[in-house]
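The structure appears right after this line, and notes come after that.
By convention in this document, chain letters (A, B, ...) are assigned in the order of the sequence lines, proteins followed by strands, and residues within each chain are numbered from 1.
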Number of protein chains: 2
Amino acid sequence: MPEAHYPEIRALNLFAEMAEANFLALLRGAYVQNFPPQIELIGEGEPSDFLHVVLSGSIDLFSRWNDRETSLATVRPVSTFILAATIKNAPYLMSARTLEKSRIVLIPSKDVRAIFDADSNFARAIVTELAQCYRSVIKAQKDLKLRTSLERLANYLLRQQKHTGGGATFELDFEKRRLASVLSMTPENLSRAFKGLKPYGVTVDGTTIAIADRADLEHFAKPNPLIDDVTS
Amino acid sequence: MPEAHYPEIRALNLFAEMAEANFLALLRGAYVQNFPPQIELIGEGEPSDFLHVVLSGSIDLFSRWNDRETSLATVRPVSTFILAATIKNAPYLMSARTLEKSRIVLIPSKDVRAIFDADSNFARAIVTELAQCYRSVIKAQKDLKLRTSLERLANYLLRQQKHTGGGATFELDFEKRRLASVLSMTPENLSRAFKGLKPYGVTVDGTTIAIADRADLEHFAKPNPLIDDVTS
DNA sequence: GTCTCCGCTTGATCTAGATCAAGTCTTTTG
DNA sequence: CAAAAGACTTGATCTAGATCAAGCGGAGAC
C-alpha cells in the first residue's frame, strides 16, 4: 500500500503507541482498496480475515435475520471496525456495506494477532479500544431499552448538535431512512417523530436541523452522560 | 482473603495463564464479602474501584433512566463483571444488585491495571474476555432489534434448554419478572407469550418448562448461531 | 426542458405490546 | 395456624409504533 496513508493510520489511538518496526510489519501485508457505494464488504458469518480501516467514505454495519434488517452502527474515517472478530478469530457478527465511495485498508487478521502478541503497547491499545467499543454498545442497549423512539431521536439530535460544534443549525450525517434504522424505527415514524419534536423547538428542512432552544429540548430528552457521552 | 478461594478464581480464563507471582499479588489486595439478597453493590455512574468476581449467588446488572429500569444481564458463578470500566478507569455504566445471598471477591481496579501492564498473558486474557463481552452485547442488540418478543422468548427457551443439558423438561434460572425485563417485556406480556408458544409445544408449570418437540419450536424461533450461540 | 425514479411525507388503519384492574396461588411471617 | 405480602395470571382497555396506500418534490436521465 502507498506510504502516503501511513501517517493517518499511525495517528489512530490503536496504532499510535506501537513500535515503529511492528507498525511497518503490520502494514507490509496490508493493502488499500477503493469501493463504490452500496457494496457489501463483509457478510455476517464469514471468517474474519481482515481488520478494516476506513480512510474515507462511510460504512454501514448492519445485520439481517429472517428477512428483517437493522443498522447497528456507522463507521466514519478514520477508524477501524470488526476488531473483536479479528482478535477472537471468530466469524463476523455484522455485515458491512459502503454508503458512499470509500477507501478501505485491509490488514490481515493473522498479522494483527501476531503483532498483538509481540508488542505490549499495541496490546494495551487494543484493550482500550475494545473496552471503548463494549461500552458504546452497552450505551446503545440502554438507549434502546429505556427510551421511546421520540426520546431516542431527541437525544440523537442533541448529540449530533454537540458533535457538529454546537450551532443552533446543523446537518444530519445520515440519510433519513438509515437514521430511522439506527434509531430502530420506520422512516414513516421518523418523519412523524420530527413533527413530534416541533413543540420543543426542533425544525427540519431536508437534512438541516434547527434547535431553537437547546435547554428546552434537553428538558424533554433528559440526556444522560451514561448513555449519551460518546467518549468515556 | 482465604486461600481456599484461590483455585476457583485461578480456574477462570481471565486468570488461568498469568504468572503465579502476579496472581498472588493481585489477590493480596483483594477481599471476599458476603451480601444478602437485594443489595445494590454498585450504582451506575460511580467510579470503578473494584473488579468483581462472583463466587456464589447471582447478580443482576441493570440500569435506570427517567424512572424506568431494565435488566441488562445476569452474572452467575464463577465469573467477573464490569471489567471494561475497570480497565478504562471509567464510571460504571450499569448498576449491580444481588439476586440472592452472594459471595463476591473485590479486586482493586488499580491492581488489575498495574498487573495488566506487567503480565502479557494476563493482558491477552483480558483482550479475549473483552472481545467476548463485546460480541455478547452485539448479539443481544440483534436479538432486540430484529425479533418480536415472542421470538425472543422462544429463542431464550431453546438456549436455556441447551444450557441445562437438552432434556425435554428443564427449569428457568430466572424469576419470571426478571426474565421479562431481560427480554424487554412486561411480566403480563411474558405470561401471554408463554401461552402464545403453546401451539409450538411449550408448556409451563411454575418455573418448569417442557418442550414437546424441539424441531417444532425451532421452526418458529429460527435460532441463529450469530445471535444465539453463547460462545464464539 | 420533461420524464422518471426515489426518498420523503402524510393520512388511514392495524397490531404488538403496555397499562390498569382484579383475581388466584404460593410463600412468608407473626 | 391465620394473615399478609408478593408473584403470577387473566381480562379489558389504551397507545406507540408498524403497515398500507397515496401523494409530493427534488435529482438525475434523456
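Listed by first and then second residue, the side-chain hydrogen bond (donor to acceptor under 3.5 Å, both in side chains) pairs involving residues 162-178 of chain A are A:D60-A:R178, A:S71-A:R178, A:T74-A:R178, A:R76-A:D173, A:Y156-A:D173, A:E171-A:T207, A:E171-A:T208 (not counting sequence neighbours). Here ring pair (Phe, Tyr, Trp, His ring centres under 6.0 Å) pairs that include residues 36-56 of chain A, with residues two or more places apart or in two chains, are A:Y31-A:F50, A:H52-A:F81.
The stretch residues 172-186 of chain A comes close to DNA chain C through A:E175, A:K176, A:R177, each having a heavy atom under 4.0 Å from the strand. For the contact set between residues 141-161 of chain A and DNA chain C, defined by any heavy atom under 4.0 Å, there are no members.
Between the NZ atom of B:K198 and the C1' atom of D:dT9 there is a distance of 13 Å, given to the nearest Å. To the nearest angstrom, P of C:dA16 lies 16 Å from CG of A:N189. Between the CD atom of A:E69 and the P atom of D:dA18 there is a distance of 16 Å, rounded to whole Å. Computed from coordinates, the A:K195 NZ to D:dG17 P distance equals 17 Å when rounded to whole Å.
Under a 3.5 Å cut-off, the side chain of B:T86 and the backbone N or O of B:I82 do form a donor-acceptor pair. Between the A:K139 side chain and the A:D229 main chain, a donor and an acceptor come within less than 3.5 Å of each other.
Residue A:A131 comes nearest to B:K88 through the heavy atom pair CB-CG, 3.5 Å, listed as atom of the first residue, atom of the second, then distance. Closest of all the heavy-atom pairs between B:N224 and B:R147 is N-NH2, 3.9 Å. The minimum heavy-atom distance between A:S58 and A:S102, with the atom names listed, is N-OG, 3.2 Å.
With a 4.5 Å cut-off on side-chain heavy atoms, A:T128 and A:N13 do not count as touching.
For the residue pair B:Q33 / B:R103, no side-chain donor-acceptor distance below 3.5 Å is found, with atom types taken as modelled. With hydrogens and angles left out, the side-chain atoms of B:R97 and B:Q38 include no donor and acceptor closer than 3.5 Å.
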Polar pairs (N or O, both sides) under 3.5 Å between protein and nucleotides 20-30 of chain C?
residue: C:dC20; atom: N4; partner: B:E188; partner atom: OE2; Å: 3.2

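End-to-end axis angle of the helix from C:dG1-D:dC30 to C:dG30-D:dC1, from C1' rotation axes over five pairs per end: 40° (rounded to 10 degrees).
Between A:Y200 and A:F220, the distance separating the two ring centers is shorter than 6.0 angstrom.
With A:T70 as reference, B:K145 is the one residue of B:Q141, B:K142, B:K145 to meet the side chain to side chain donor-acceptor pair (under 3.5 Å) rule.
Surrounding CG of B:D213 are more than 12 heavy atoms belonging to other residues, nucleotides or ligands, all under 6.0 Å away.
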